[in-house]
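Report on the structure given below.
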Amino acid sequence: MKKKILSLVLVAAMFTTLLTSCGKKNATWKVTCPWAPSGVAAMVSQQAATKSTSYSDTITLVAEAIKGDAATVNTWVADTKANDTELVFVGEGLLSITSILDPDKMQFGYEDFAFVENLYSSIFVLSADAKLNITSVADLESYVAQGSEISVAVNGATSSEAFLAAALFGSMGAGSQLKLTPYQSAAEAAQAVARGETQFAVSHQSQILETYQQNGVTVVCAFDENDIENGPFAGVEGVGQHGYPYFRNRCFIMARAGTDAEKVSELKELYGKILADQEVADWLHDTMLLEVDTMSVADVEAHVENVKSIVNEYKDIVAG
């Protein structure tokens, strides 16, 4: 009888171990992109999810893209507990812009998240109506010095694009001349300048590429430290080397605060492998005109603080 009981205990233990192992192998992490369901971030997240099973036997990523922004993240924080298999994108739009301009909209803070990885890095560019013949920072400075009204198409009234425009033209002394024209989507804003609705536009490189190739616009400068090195806009000047403020657009993949460090590390390792995949890297560079830009917690915090400093300095131009 004792042998029989012992055997049953061993079988039960083996069964429990098997269940635990199977559960681990079948862990599916839902990755919520809470803005622009057909936008850049959602597309990159889907690409990462497709590749996840190639690099992990324990984690499968499932991309979910919905329109919601702050309200969606509020709900996510309220409904998600530490170690839930849930991830969410948070970027400088919420952590550095909304947190200053409309803090009541946010029922969460940076402390509610555990950073996993930065999905990509996007260098925004300033495009101009081709008829203006502005192709460099020096040309832009000369144009601004004329004192005429300056109209810039941006994606949303208080977006990253709006603050980049305000920072650049404000630094040139043209804050009072600047008119920011908000559009409902980044793609729509990027095309507005070619339609003659505005003189300039701030956009992702991929969103202005077709119009640029059709000679409808010139690309004046990039919101980065140095010149763009690769792709169709290689050689376009970075505003940073002329002393103007800038920041890149980044999308941080976050778990709920308190999630086991081992799980966060495993997720970070998986994203690192996906982003190092040559097919993914080529797609990011060649199709999306984005950069692989893995980051540390310190990098994230420095980025958030840099954008906050720009928001605080130029919020009167943007928000009035």
Side-chain angles (χ1 to χ4, degrees), residues 29 31-36 38-56 59-65 87-93 95-96 113-125 160-161 164 186 203-209 219 222-241 246-255 264-304 306-307:
W29 288 73
V31 189
T32 299
C33 178
W35 59 75
S38 60
V40 171
M43 292 173 66
V44 180
S45 182
Q46 183 58 60
Q47 182 80 348
T50 300
K51 280 286 184 180
S52 64
T53 54
S54 299
Y55 289 101
S56 178
I59 295 174
T60 300
L61 303 175
V62 175
E64 178 179 69
L87 300 171
V88 67
F89 287 172
V90 185
E92 70 272 349
L95 296 176
S96 303
F113 306 102
F115 172 66
V116 175
E117 190 51 274
N118 176 45
L119 190 63
Y120 63 81
S121 180
S122 174
I123 301 173
F124 284 112
V125 294
S160 293
E161 294 95 323
L164 288 170
S203 69
H204 292 283
Q205 295 173 63
S206 60
Q207 292 162 341
I208 200 66
L209 178 59
V219 174
F223 292 95
D224 204 35
E225 181 178 5
N226 299 310
D227 296 354
I228 294 177
E229 294 183 358
N230 304 301
F233 300 119
V236 170
E237 291 179 284
V239 299
Q241 61 190 325
Y246 66 90
F247 59 85
R248 292 186 177 194
N249 175 232
R250 293 180 166 108
C251 286
F252 306 132
I253 302 160
M254 300 286 200
V264 173
S265 179
E266 187 178 4
L267 286 161
K268 186 174 182 66
E269 181 180 0
L270 173 57
Y271 271 104
K273 290 177 179 178
I274 292 169
L275 293 173
D277 181 285
Q278 194 60 53
E279 183 181 350
V280 173
D282 289 345
W283 178 78
L284 284 171
H285 287 124
D286 301 339
T287 303
M288 302 302 293
L289 303 184
L290 304 171
E291 294 187 9
V292 174
D293 184 18
T294 55
M295 299 173 72
S296 66
V297 171
D299 293 332
V300 171
E301 292 175 353
H303 173 73
V304 169
N306 175 53
V307 180

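Note that the coordinates shown come from a computational prediction; the quantities given were computed from them, not determined experimentally.
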Is there side-chain contact between [X] and [Y], with heavy atoms separated by less than 4.5 Å?
| X | Y | answer |
| --- | --- | --- |
| V125 | F223 | no |
| Q241 | D227 | yes |
| P232 | L209 | yes |
| Y120 | M288 | no |

Identify every side-chain donor-acceptor pair in residues 268-275 under 3.5 Å, counting partners at least two apart or on other chains, and give the distances.
{"unit_1": "K268", "atom_1": "NZ", "unit_2": "V116", "atom_2": "O", "d": "3.4"}
{"unit_1": "K268", "atom_1": "NZ", "unit_2": "E117", "atom_2": "OE2", "d": "2.9"}
{"unit_1": "K268", "atom_1": "NZ", "unit_2": "M295", "atom_2": "O", "d": "2.8"}

Check the orientation of F247 and H303. Use parallel for under 30°, tilted for 30 to 60°, and perpendicular for over 60°.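 If you compare the ring of F247 with that of H303, the planes turn out perpendicular.
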Hey, what's the ring geometry for H204 with F124, parallel, tilted or perpendicular (30° and 60° as the breaks)?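 Tilted: the ring planes of H204 and F124 meet at 30° to 60°.
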Could you check whether E92 and N249, counting side-chain N and O atoms only, form a donor-acceptor pair closer than 3.5 Å?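 There is such a pair (donor and acceptor under 3.5 Å, judged by atom type) between the side chains of N249 and E92.
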Assess whether atom CD of E229 is packed by more than 12 heavy atoms of other residues, nucleotides or ligands within 6.0 Å.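 Check fails, neighbour count at 12 or below.
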Not counting sequence neighbours, which residues clear side-chain hydrogen bond (donor to acceptor under 3.5 Å, both in side chains) with E225? List them please.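 With neighbours one apart ignored, the set is empty.
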Residues two or more places apart in sequence or in another chain: which of them pass side chain to side chain contact (heavy atoms under 4.5 Å, CB included) with E279?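 With sequence neighbours excluded, E279 shows a side chain to side chain contact (heavy atoms under 4.5 Å, CB included) to K51, D277, given in chain and number order.
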Got a sec, which residues hit side chain to side chain contact (heavy atoms under 4.5 Å, CB included) with T50, two or more places apart in sequence or on another chain?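 For T50 the side chain to side chain contact (heavy atoms under 4.5 Å, CB included) partners, ignoring immediate neighbours, are Q46.
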Cut-off 3.5 Å, no hydrogens considered: what does the side-chain donor-acceptor table look like for residues 280-287, sequence neighbours left out?
{"unit_1": "D282", "atom_1": "OD1", "unit_2": "Q278", "atom_2": "NE2", "d": "2.8"}
{"unit_1": "H285", "atom_1": "ND1", "unit_2": "A281", "atom_2": "O", "d": "2.9"}

Sequence neighbours left out, what passes salt bridge (Lys or Arg N to Asp or Glu O under 4.0 Å) with R248? Give chain and number order.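 By the salt bridge (Lys or Arg N to Asp or Glu O under 4.0 Å) rule, R248 matches D224, E291.
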